[in-house]
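One structure below.
In this text the structure is predicted, and so the values were computed from the model without any measurement. Atoms within a ligand are numbered from 1 in the order they appear, just like the ligands themselves. Position 1 is the first residue of the sequence, and the numbers go up from there.
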Amino acid sequence: MGGRAQAEAELSQLAAEIRYHEAAYRAGEPEIPDSAFDDLVERYQELADELGIDPAERIDARPGEDHTVGFETVTHRVPMLSLEKLSPNRRDSSGEPMPIGDQLSAWFRRRQKELEVQELPLIVEPKVDGISVSLSYVGGALQRAVTRGDGQRGDVITKQVSQLGTVPLKLDGVDRGELEIRGELYWPLTEFARFNETLDRPLINPRNGCAGMMKRKDPTGLEATGIRSFLYQVAWAQGVKLPRTQGEMLRWLADRGGEVYLSEVFQTGSDEEALRYCEEYQTRRESLDFDIDGMVIKIDDLGMYPRLGATGHHPHWGIAYKFPPERKPTKLLDIQVSVGKSGKLTPVAILEPVFVSGTTVSRASLHNFVELERKDVRVGDTVLVEKAGEIIPQVVEVDKSKRKRGTKRFVPPTECPTCGTEAVSEEIFVYCPNPACPDQVRERLRHFASRPAMDVDGLGEVLVDQLVDRLGVRSPDDLFRVEADALASLDRMGQKSAERVKAGLEQAKGRGLARVLNGLAIRHVGETMAEDLAAYFKTADALLDFAARYVAEDEEAVETVAPAKSTERGAIEGLARKSADSIFHELNSPAVRKVFEGLAEVGVDLSVHAADVREVADVAGKTFVLTGTLPTLKRTEATKLIKGAGGKVSGTVSKKTDYVVAGEEAGSKLAKAQSLGVEVIDEAALLALLGEAN
Ligand code: IVH
């Protein structure tokens with residue numbers, strides 16, 4: 001399978017995993033630690049960026065460290081950003097993988113150029129895997145401790161932090177001025193293990209555990225956890241004299257009673273040496289009493305920071321190095337075939353359990369049958385397993401030297417393993433074409449209830465499974481017909497949770513046509529397509545009426561999608577002829593029509609939601625393309641603002657594009673806009689158009 005197809009397969013797998021874990025989290029039954037969830041989201045975003053996926057097509061992932069109910073939330077004086085990363089997956093403009101060393105030296109050269117210097121001292125520090133904290137001191141006394149939150153606003157955890165006894169409550173020798181120190185709260189491994197032994201239900205891992213402890217409402221006893229801090233930065237200061245380099249700053253913090261790891265830092269003027277230190281540190285990592293998830297390479301001269309600036313995501317004075325994922329051999333016990341919501345059949349490797357990058361892995365996706373064929377993975381083989389982005393298990397390769405005689409090539413299924421219907425092939429994928437297939441039914445209902453679709457509060461995957469298995473729910477409209485008493489009779493449900501689910505369903509009825517369309521898991525209809533269809537047709541009736549005419553080859557309907565003049569684009573945003581055939585056929589099928597009838601019957605709103613749109617004259621009806629990193633807005637946010645003002649967001653630049661909004665590191669889309677003479681604007685100009693500028 002080609003690089004892009006493989007990346008796309010990984011992206012859709014990641015999306016599925018994120019939705020799954022989000023649902024588990026919302027159901028109060030998280031299966032992975034928050035840090036692993038963050039990694040998933042991060043890897044998803046990285047890959048989606050690489051593939052140039054339209055922001056509106058992406059899943060709307062919640063930032064990992066969120067706000068907790070019951071905690072006071074405050075705005076950070078200086079936002080708590082993330083770090084740019086050296087990525088093993090980055091490719092250069094010709095599509096070749098870019099070695100980490102080349103990425104780092106490109107970063108280093110860019111900084112030399114921006115600063116107009118030859119000599120550029122660097123400092124390398126371990127990246128401690130804990131939770132970020134901001135500590136404000138006034139007159140040297142700790143005033144307030146705040147979590148990172150969403151980077152802009154965090155939760156106040158002063159009582160909790162003060163109780164630890166390991167974060168200085170008073171900075172030695174500082175009696176005046178104000179300053180804000182940033183650092184990481186982390187749980188030393190030995191302390192964590194000791195504490196965990198005292199618990200009936202052990203905590204999953206130190207980072208997760210530390211986050212949980214710091215969000216305990218009652219701080220009593222926190223001093224017994226042994227949680228410590230690791231300070232790395234003064235983010236803001238007034239009336240305090242501070243050193244000029246990061247190296248000296250660490251010493252300054254240490255001299256005032258803060259914890260820093262001076263013995264672990266390395267200073268050099270060469271990017272190559274910095275990288276070597278990072279690579280070598282991996283062996284040292286094993287002997288540390290805390291988890292680190294990489295290294296941070298920073299410019300040592302703090303005076304240069306203001307000149308370097310930042311994007312909305314990361315500052316330009318530092319970059320993170322992540323350790324390469326661990327790879328372990330294990331035995332492939334079986335290859336099973338799973339059925340997805342649109343009937344896609346996916347091979348899954350069943351593995352002899354193996355401990356990789358912090359968790360035990362016993363299943364891994366094999367993506368698709370073409371990929372499986374290419375790798376020639378066979379039952380009984382010894383395979384090497386790693387976690388992509390340190391979280392999704394992958395079978396990287398087969399150790400053919402260990403292959404036993406008599407193993408057989410895997411033969412792709414010719415029928416659905418669940419319902420026995422004859423399978424059909426479409427491009428590289430194989431599908432079960434039976435919409436009533438029990439696995440499809442289950443997956444579709446899970447998707448319907450999920451956050452990007454109908455977002456039914458309280459209706460997680462485990463509950464959906466019970467609804468299917470025990471209450472005979474088959475179709476989305478059935479969900480709305482389930483009685484509270486029936487819900488309350490299910491495992492781990494009571495009257496109260498049943499009522500919550502009923503209330504969640506009631507609320508979901510009003511989410512509008514776009515979300516309903518996305519929720520029905522129609523092939524080629526993702527979030528954006530659903531919104532575009534809803535915006536164009538306004539009601540389900542109009543849409544279904546059109547589908548019938550299109551399928552009957554009504555000239556006007558076909559012309560709407562594919563104008564006779566091939567230079568013109570169809571009237572429906574983003575809809576190509578090929579997907580239109582598939583989409584309208586499926587919409588016109590008796591099964592889908594029946595679902596719409598059922599949804600109307602139970603009172604689900606099947607019209608476009610005008611409430612979200614507050615048309616802005618300069619934006620309404622205009623098509624925007626976003627490229628590069630914008631200084632303050634995330635792509636999803638910019639997309640929402642544009643759409644909310646009645647504009648459209650497209651992934652490709654054409655003559656029909658009205659504006660290209662270019663941020664930092666904008667690539668080929670910017671070049672294309674320039675060659676086509678399309679107006680290029682920046683974030684500030686976009687906000688001005690939207691009337692949001694101040
Ligand atoms: S410098 C703009 N140095 O890593 C953020 N961060 O993605 C600048 N971290 O959550 C951070 N050890 O809390 C820096 N030696 C170190 C660090 C470190 C851990 C965490 C930080 C943040 C994340 C950055």
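- Remark: ligand 1 atoms within the under-4.0 Å shell around heavy atoms of Pro315 are 2 (C).
- Considering backbone and side-chain atoms alike, Gln233 places every N or O at 3.5 Å or more from each N or O of ligand 1.
- With a heavy-atom cut-off of 4.0 Å, Lys298 touches ligand 1 through its side chain alone.
- Checked by atom type, the side-chain pair Thr73/Asp155 shows a donor-acceptor distance below 3.5 Å.
- Neither the backbone nor the side chain of Tyr261 has any atom closer than 4.0 Å to an atom of ligand 1 (non-hydrogen atoms only).
- For the pair Lys215 and Phe71, the cation-pi test (distance below 6.0 Å, angle within 45°) is passed.
- The shell of residues lying under 4.0 angstrom from ligand 1, judged by heavy atoms, includes Pro126.
- A donor atom on one side chain and an acceptor atom on the other are not found under 3.5 Å apart for Gln143 and Glu178.
- Separation of the Phe290 and Tyr261 ring centroids falls under the 6.0 Å cut-off.
- Each of the atoms 12 (N), 19 (C) of ligand 1 lies under 4.0 Å from some heavy atom of Val128.
- Residue contacts with ligand 1, taken as heavy atom pairs separated by less than 4.0 Å, involve Glu125 solely via side-chain atoms from C-beta onward.
- Taking 4.5 Å as the limit, every side-chain heavy atom of Val661 sits out of range of all side-chain heavy atoms of Val680.
- Within the structure, the closest approach of Trp317 to ligand 1 falls below 4.0 Å when heavy atoms are considered.
- Under 3.5 Å, the side chains of Ser82 and Arg148 contain a donor-acceptor pair of N or O atoms.
- Using modelled atom types and a 3.5 Å distance limit, the side chains of Ser134 and Glu180 yield a donor-acceptor pair.
- With a heavy-atom cut-off of 4.0 Å, Val296 touches ligand 1 through its side chain alone.
- Remark: His313 pairs with no residue by the ring pair (Phe, Tyr, Trp, His ring centres under 6.0 Å) rule, at least two apart or across chains.
- Heavy atoms of Ala320 stay at 4.0 angstrom or farther from ligand 1.
- Taking every non-hydrogen atom of Phe230 and a distance limit under 4.0 Å, the qualifying atoms of ligand 1 come out as 12 (N), 15 (N).
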